[in-house]
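The structure displayed is predicted, hence computed values, not measured ones. Just so you know, residue 1 is the first one in the sequence shown, and it goes up from there.
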Amino acid sequence: MKNVKIKIDNIEVIVPENTTILEAAKKVNINIPHLCYHPDQQVKANCRLCVVEVACSKKLTAACSFYVFEGMEVHTNTRKVRDMQKGILELILANHDQNCLKCLRNGNCELQALCQRFNISKTNLEEAVDALPLDNTNPSLVRDSAKCVKCNRCVEVCQKVQEVHVLTHSHRSVHYNIAPAYEAPLEETFCVFCGQCSAVCPVGAIVEKDDTAKVWDAIYDPGMHVIVQVAPAVRVALGDAFNLPNGTIVTGKMVAALRRLGFDRIFDTNFTADLTIMEEGTELIRRVMNGGTLPMITSCSPGWINFIEGRYDHLLDHLSTCKSPQQMFGALSKSYYAEKMGLDPKKIFTVSVMPCTAKKYEAQRPEMVTNGVREVDAVLTTRELARMIQSAGIDFVGLEEDQFDNPFGIGTGAGAIFGATGGVMEAALRTVYEIMTGKGLPSLDFTEVRGLQGIKEAAVKINDLEIKIAVAHGLGNAKVLLKQIERGESPYTFIEVMACPGGCIGGGGQPIPSTMQVKGQRLASIYRIDQDLPLRKSHKNPDVAKLYEEYLGEPLGHKSHELLHTHYRSRGMKYNFSELMKSAGGK
């Protein structure tokens, strides 16, 4: 690739010729303002906030879409540029709900930051905020069109990454809007509630449903025993919210903060991740040995479950019957734990801290009930936990480290890597291989399924069987593997699917920004946790073994099937969009 020499604000920089002005400016630490641009998405050039002056042009140029050329001279901070950028900001504000104090993105909003940069506190233009209804009837996401800046980031991630095609463009001119088809609420669409739209939204137009008040009420109720479990991906992302370097491992500080918030017991979801491997691994072995439905597909990602139930319900038999680690923990908290502690399950309030907005939906599913009570009472995203810590005035960075409580406090490295794409597969292979062969894998680091490639494939020889496996993250990639199964062309025995790009480390509830670069840093930390733990195989977790001995009996036994497994069903819709399209004259 040919390099070119250019000047930006009289600073010389040499970059490849396929570099945009915006990217080139970053090389010399010049931050050109932008709103629709996202480093992981296609260039849109529709907000025009990134306009700059190019010496040879009479018009202002969008820096996000204009490529550099030899000898180019760019000016990013002239009066003409600043006046235009301020004018664009005022136009956006005139059509934006500016009640920032009520917004969950207050303090972490790209529009707010731009207004602070240009010293704009209020637009001088007549305000005309879209009077559209708030969509907050589902358990996972709140969509507020009055805050939408029409950047189209959410549309791209919904259509081109996840390929769910729920969010789209609506109307024209001053009525232009982003909405589901027929402006239906999300719960009446095939939305999978993955929250990737909220992760790329620059403002508060799409946010997680906030359940912090519900959790505070439970903590303050003296009659409730409030326990909390924390997913593996939270401990490598929570520090982002407190300005620690991306991917910092904050396990001990996180536990200490939860203790100070007032939770009665703090447990590790890694424990039930290990339990999931015991159940799922045994299920895989039985399917392979007894001619069961193959390929078997993992079932621990609720966004993925929503997707296959809505779009590929004829393939539901391929899913593992295992509940997710979150729900396994919830079931045990209202059964085994209640009995062990001598507590009424109705007096136990079980909270999950998850990287995922779809976990909120999963916890409300009608099947997720044990002993007549809901297994998980509230789900907090990583972002919500950060807000609770901040509102309690806790100096997170200065906390001394604490440890998880028993009996669900021990997790292995296999449980930890559940937070990464490929982690469930790698953890399962460590156990399945050893159970079937009587010896461990030649290497516990099964690198073939690691990394951020969309679909990863590998094969492992177990006795006389060659087990072919595949890993997909992001629902668009999952569709590729589902199409193979539909055509009868799938060569795989076992498939892992995670709804979110990167897996749980890139979940829709993780701190923002959550770019691919940030996900890579979190991914590295997940594997560092695995390397540093003394136990790295799920079947070697002594507390899991004790649980089977004292309570469950054996994997896939009667008790474990009753508590740890579930069934899946086609997602019923209130109306049929394809029929509506036909009646409206669509094709």
What pairs meet the side chain to side chain donor-acceptor pair (under 3.5 Å) rule with one or both residues in residues 467-480, with sequence neighbours excluded?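 Checked against side chain to side chain donor-acceptor pair (under 3.5 Å) - neighbours excluded - the pairs reaching residues 467-480 are Glu163-Lys479.
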Applying side chain to side chain donor-acceptor pair (under 3.5 Å) as the test, list every pair that has at least one member in residues 499-511; sequence neighbours left out. Thr382-Gln510
Residue pairs fulfilling salt bridge (charged side-chain N to carboxylate O under 4.0 Å, His left out) with at least one residue in residues 273-285, sequence neighbours excluded: Glu283-Arg287
If you look only at pairs with a residue in residues 301-319, which of them pass as a salt bridge (charged side-chain N to carboxylate O under 4.0 Å, His left out), with sequence neighbours excluded? Glu309-Arg365
I'd like to check [X] versus [Y] (side-chain heavy atoms, cut-off strictly below 4.5 Å). Are they in contact?
{"X": "Val376", "Y": "Met368", "result": "no"}
{"X": "His318", "Y": "Pro295", "result": "yes"}
{"X": "Tyr492", "Y": "Leu481", "result": "yes"}
{"X": "Pro325", "Y": "Phe418", "result": "yes"}
{"X": "Leu533", "Y": "Thr412", "result": "no"}
{"X": "Ile178", "Y": "His169", "result": "yes"}
{"X": "Arg143", "Y": "Pro180", "result": "yes"}
{"X": "Val544", "Y": "Ile277", "result": "no"}

Is any NZ, NE, NH1 or NH2 atom of the basic residue among Arg153 and Asp40 found under 4.0 Å from an Asp or Glu carboxylate oxygen of the other? no
Is Glu434 salt-bridged to Lys537, going by a charged N under 4.0 Å from an acidic O? yes
Pairwise distance [atom1]([X]) to [atom2]([Y]) - rounded to 0.5 angstrom:
{"X": "Lys519", "Y": "Leu452", "atom1": "NZ", "atom2": "CG", "value": "8.0 Å"}
{"X": "Thr269", "Y": "Leu275", "atom1": "OG1", "atom2": "CG", "value": "12.0 Å"}
{"X": "Cys201", "Y": "Ile206", "atom1": "SG", "atom2": "CD1", "value": "5.5 Å"}
{"X": "Ser299", "Y": "His567", "atom1": "OG", "atom2": "NE2", "value": "13.0 Å"}
{"X": "Gln42", "Y": "Lys160", "atom1": "CD", "atom2": "NZ", "value": "4.0 Å"}
{"X": "Gln327", "Y": "Arg374", "atom1": "CD", "atom2": "CZ", "value": "8.0 Å"}

Check step by step if salt bridge (charged side-chain N to carboxylate O under 4.0 Å, His left out) holds for Glu426 and Arg430. CA-CA 6 Å; Glu426 184 171 352; Arg430 292 179 187 180; 3.0 Å; yes
Note: Glu384 and Val379 closest approach over all heavy atoms is OE1-O, 4.0 Å
Short question: side chain of [X], backbone of [Y] - any donor-acceptor pair under 3.5 Å?
{"X": "Asp268", "Y": "Asn270", "answer": "yes"}
{"X": "Lys323", "Y": "Met328", "answer": "no"}
{"X": "Ser352", "Y": "Met354", "answer": "no"}
{"X": "Gln196", "Y": "Cys158", "answer": "no"}
{"X": "Arg235", "Y": "Ala416", "answer": "no"}
{"X": "Glu188", "Y": "Pro185", "answer": "no"}
{"X": "Thr20", "Y": "Glu23", "answer": "yes"}
{"X": "Asn290", "Y": "Gly292", "answer": "no"}
{"X": "Lys456", "Y": "Val449", "answer": "yes"}

Quick one: sort the Phe307 and Tyr312 rings into parallel, tilted or perpendicular, breaks at 30° and 60°.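 Tilted, since the angle between the ring planes falls between 30° and 60°.
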List for me each residue that meets ring pair (Phe, Tyr, Trp, His ring centres under 6.0 Å) alongside His561, sequence neighbours excluded, and say none if there are none. His565
Check: residues 499-508 side-chain donor-acceptor pairs under 3.5 Å, at least two apart:
none

For a quick check under 3.5 Å, do [X] and [Y] share a side-chain donor-acceptor pair by atom type?
{"X": "Ser170", "Y": "Glu183", "result": "yes"}
{"X": "Thr298", "Y": "Glu496", "result": "no"}
{"X": "Ser324", "Y": "Lys359", "result": "yes"}
{"X": "Arg528", "Y": "Ser525", "result": "yes"}

Criterion salt bridge (charged side-chain N to carboxylate O under 4.0 Å, His left out) on Asp210 and Arg383, from CA distance to verdict: CA-CA 10 Å; Asp210 190 295; Arg383 295 195 290 263; over 6 Å; no
Should we count [atom1] of [X] as having more than 12 external heavy atoms under 6.0 Å?
{"X": "Arg487", "atom1": "CZ", "answer": "yes"}
{"X": "Tyr67", "atom1": "OH", "answer": "no"}
{"X": "Gln517", "atom1": "CD", "answer": "no"}

Apply side chain to side chain contact (heavy atoms under 4.5 Å, CB included) to Phe446 and Ile469, showing your working. CA-CA 12 Å; Phe446 201 74; Ile469 59 174; 3.6 Å; yes
